[in-house]
Amino acid sequence: MSTITEPRSVPPASPHADGRAGPRGFVTAYSISRERLLYGGLLLLTAIAYLWGLSKNGYANEYYAAAVQAGSTSWKAWFFGAFDSSSFITVDKTPASLWVMGLSGRIFGFGVWSMLIPQALMGVASVAFLYVSVRRWFSANAALLAGAILALTPVAVLMFRFNNPDALLILLLVAGAWAVTRAIDSERHAARWMALAGVLVGFGFLTKMLQAFLVLPAFGLAYLIAGKPALGKRLLHSLGALAALVVGAGWWVAIVELMPASARPYIGGSTTNSILELTLGYNGLGRLTGNEAGSVGGGVGNPGWGGATGLQRLFGGEFASQIAWLLPAALLATIVLVVAAGRAGRTDKTRAFAILWGGWLVVTGLVFSYMQGIIHSYYMIALAPAIGALIGAAAMVLWRRRAEWLPRATLAGGALLTAGWSFSLLQATPTWLPWLRWTILIAGVAAAGLVMILPELELRRTTVRRAGLFAATLLALTALAGPAAYSIQTISTAHAGALPSAGPASAAGRMGGGGGGPMGAPPGQGGTGTTNGQRGTGTTNGQGAPGTTNGQGGTAGQGGTGTTGRGQGGVGGGFLGGGGISGVSNELVTLLQQGAKGYTWAAAAVTANGAAPVQIAAEVPVMAIGGFNGTDAAPTLAQFQELVAQGKVHYFIGSGGGGFGGGRGGGTSSEISTWVAENFQAQTVGSTTIYDLTTTN
């Protein structure tokens, strides 16, 4: 195998006649190895896939898009992760992912491309870090397979083309796993690498809070068992990594907690205006127990979010089509790696790899399986790197030992398992590419057969090599064809809203086990409009006050239907938003832009999802009453009345064709809506009801 050689200098061809040396000549010779060529090709194809037609997703999740817009114009909003540029309330997550997109918006101007390109590049970087992590201990082919699996996992393709926090979270965690790998390999600099891993996981916390910590058992155990230094040093290094994690995660939390509440935005999603309460409650232990204050519909054991708890959860419902294609094979791969390590020494890298990535997979998978609070199918991206790493490494181990009966039987069994499981998953969409499931099944059977019989045949060396290459190709086809097809469909389809799902829309909820609507809507919602823009029905809470809808389509006190992504015939964007900007009329944009001067907030609307499309379209700050879903006690009725009296809020956006002000209104948001309706004159702008808060009845 050729390698890259360094530039070499050669003497000049003809020195000067007087003997002086002429200008030094340089001849640069580069030969790019096959390994580097394939690695570069993997990253290039990943970048093309993630960037192709990216703008079709529009502003994706408008809740986060509005915060990105705010951060691109206000440093205060950027630092705190505020929803609006006047920094009334934050989003219900820590803001690291918003920092990246907000900086891009500041540099290139806020827009779809400046917001989503960083997300796509994070996907490419995640594949790169996974490749180098696997390549360090295994072959280039193993690393290539691992990277391809991550790149083609449907939920990964979805989220690396979206503006949710998951893209940055995955990048930070995969980079953290790479740092742990380097720490295990190193004796002299192990402490530095472990500290780096701690900082990366700490910033993962600043991206999506406690979910980042699910990898900690695997990271810590892998180093404590397989690290080269003595046990005492390994313990000290682990404590150092923990300290680095606390610093990486805690500096921002400390600033927010120590700053007076009057000097910062309200912490969205919390009940006490505290980031610690948000961390431990709604976005922390509440996700495990289901006791979530500020929840959008979760509850203990509530099947409306992700189906019934248990080991079957990840293998059924909408989760299966997002992540489960190679999940059985990954579990088998973990066992293979542990068995392959056998009685090897403490520092054996195969065992360390199984602990690192297998621990990641098992711990995260179990938490997702048994958590009783809110869980969405796109969370499953957290399993994708571990699945890729485990299968890539185990496939290499088995392939190298295929001359032995047990390894090749295991490899053949894995092929049959994957082919059969892919066939089952594809049956959820029987009218979508019906030939694909049979192709995968045939390829899997053929691959298994070739793996089993080739070592027994007496063939020429070149024939064996070609047959082995053909068998390896069939194995790759068996593993990747299903996810790749779903990923291509995902790339070709527009996705928007808070509940995106990869693959054909008809796949959601078809595998069984998923409760609620097809996109995981909570019980009581009349189905969800899908991310592909299909029509769904909605119900309301029956209240007559403006902006207190409790369903997908229709305004307060009305039923009706709506479409996500188009804003037609009801609530634009439906429950939890998405695509609502298309329902914002030019008349409303003009009114708000002209009325914004001299006001802290041009308007207020119930829920951030009601305010987001208006704020993005009009490019003016809009107060999100009640936060994400209208249940936060911010502001109280008295506080809102004071802000109106001080002339800080110009308009109140009620219900209308665009559906702004909709959501699960209740408590203070309903009180505010009722007070506005009783004391101010309504007018219709476009198809939206507007109240001028400077003029009373």
Side-chain angles (χ1 to χ4, degrees), residues 78-81 93-103 118-119 121-133 136 165-224 226-229 233-258 275-276 279-280 283-284 352 355-357 359-360 363-364 381-382 385-386 389:
W78 176 85
F79 179 79
F80 289 106
K93 298 289 187 298
T94 37
S97 66
L98 300 176
W99 292 343
V100 178
M101 293 182 283
L103 285 176
Q119 303 290 93
L121 296 181
M122 288 176 197
V124 178
S126 297
V127 172
F129 272 111
L130 183 62
Y131 180 98
V132 296
S133 298
R136 190 165 188 85
D166 302 78
L168 179 59
L169 176 67
I170 296 304
L171 172 58
L172 291 169
L173 296 186
V174 175
W178 167 76
V180 173
T181 301
R182 295 297 303 268
I184 294 173
D185 256 352
S186 176
E187 185 168 5
R188 184 177 179 182
H189 301 300
R192 299 180 187 177
W193 288 113
M194 287 301 293
L196 175 60
V199 170
L200 290 169
V201 176
F203 272 85
F205 172 87
L206 293 183
T207 303
K208 209 175 179 187
M209 308 187 100
L210 291 185
Q211 184 181 331
F213 292 170
L214 295 180
V215 301
L216 290 180
F219 284 15
L221 190 61
Y223 180 72
L224 283 174
K228 291 182 178 180
K233 288 187 176 180
R234 297 199 305 274
L235 290 172
L236 287 176
H237 296 167
S238 298
L239 291 175
L242 183 60
L245 182 151
V246 171
V247 172
W251 66 272
W252 183 85
V253 173
I255 292 175
V256 174
E257 282 295 298
L258 294 174
I275 189 65
L276 290 178
T279 300
L280 298 176
N283 280 332
I355 295 171
L356 177 62
W357 294 101
W360 176 330
V363 172
T364 304
I381 189 178

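These numbers come from the heavy atoms of this one structure, side chains and all, not from hydrogens, waters or symmetry mates.
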Inset, instruction - Over all heavy atoms of both residues, which pair between A183 and A190 is shortest? Give the atoms and the distance, please. - result: O-CB, 3.6 Å
Legend entry - From CG (L245) to OG (S238), nearest 0.5 Å: 12.0 Å
Legend entry - Atom pair NZ (K93) and CG (L169), whose distance is rounded to the nearest 0.5 Å: 11.5 Å
Inset, instruction - Measure across G248 and L206 and return the closest heavy-atom pair with its distance rounded to 0.1 Å. - result: O-CD1, 3.3 Å
Legend entry - Flag, side chain of R234 to backbone of L224, donor-acceptor distance under 3.5 Å: yes
Legend entry - V215 side chain reached by V363 side chain, heavy atoms, under 4.5 Å: no
Legend entry - Spacing of K208 atom NZ and L168 atom CG [to the nearest 0.5 Å]: 11.5 Å
Legend entry - W78 (side chain) donor-acceptor with G102 (main chain) under 3.5 angstrom: no
Legend entry - Non-hydrogen side-chain atoms of W357 and S133 separated by less than 4.5 Å: yes
Legend entry - Side-chain heavy atoms of P95 within contact of F79, under 4.5 Å: no
Legend entry - Residues, nucleotides or ligands: over 12 heavy atoms within 6.0 Å of R136 CZ: yes
Inset, instruction - Show the numbers, then the answer: is there a side chain to side chain contact (heavy atoms under 4.5 Å, CB included) between L200 and L173? - result: CA-CA 7 Å; L200 290 169; L173 296 186; over 6 Å; no
Inset, instruction - Please tell me if the side chains of L210 and T279 come closer than 4.5 Å, counting only heavy atoms from C-beta onward. - result: yes
Inset, instruction - Side-chain contact test, heavy atoms from C-beta onward, threshold under 4.5 Å: evaluate it for D185 versus R182 and give yes or no. - result: no
Inset, instruction - State the CH2-CZ distance between W251 and F203, to the nearest 0.5 angstrom. - result: 5.5 Å
Legend entry - Note, V247 side chain near V199 side chain (heavy atom, < 4.5 Å): no
Inset, instruction - Please report the closest heavy-atom contact between A389 and L130, naming both atoms and the distance. - result: CB-CD1, 3.8 Å
Inset, instruction - Kindly give the heavy-atom pair with the smallest separation between F205 and A212, and that separation in Å. - result: N-CB, 3.5 Å
Legend entry - Gap between atom OG1 of T94 and atom CE of M209 - 0.5 Å precision: 5.0 Å
Legend entry - Non-hydrogen atoms of V174 and S126 that approach each other most closely: CG1-O, 3.7 Å
Inset, instruction - Ignoring hydrogens and angles, tell me if any N or O in the side chain of W178 forms a donor-acceptor pair with the backbone of V132 under 3.5 Å. - result: no
Legend entry - Any M122 side-chain heavy atom under 4.5 Å of I170 side chain: no
Legend entry - Closest non-hydrogen atom pair, A226 against A352: CB-CB, 3.5 Å
Legend entry - With V256 via side chain to side chain contact (heavy atoms under 4.5 Å, CB included) - residues at least two apart: F80, W252, R264, I267, I275
Inset, instruction - Could you label the plane-to-plane angle of the Y223 and H237 rings as parallel, tilted or perpendicular, counting under 30° as parallel and over 60° as perpendicular? - result: tilted
Legend entry - Verdict with supporting geometry, L172 and T207, side chain to side chain contact (heavy atoms under 4.5 Å, CB included): CA-CA 9 Å; L172 291 169; T207 303; 3.5 Å; yes
Legend entry - Inter-residue atom distance S97.OG - Q119.CD, 0.5 Å rounding: 6.5 Å
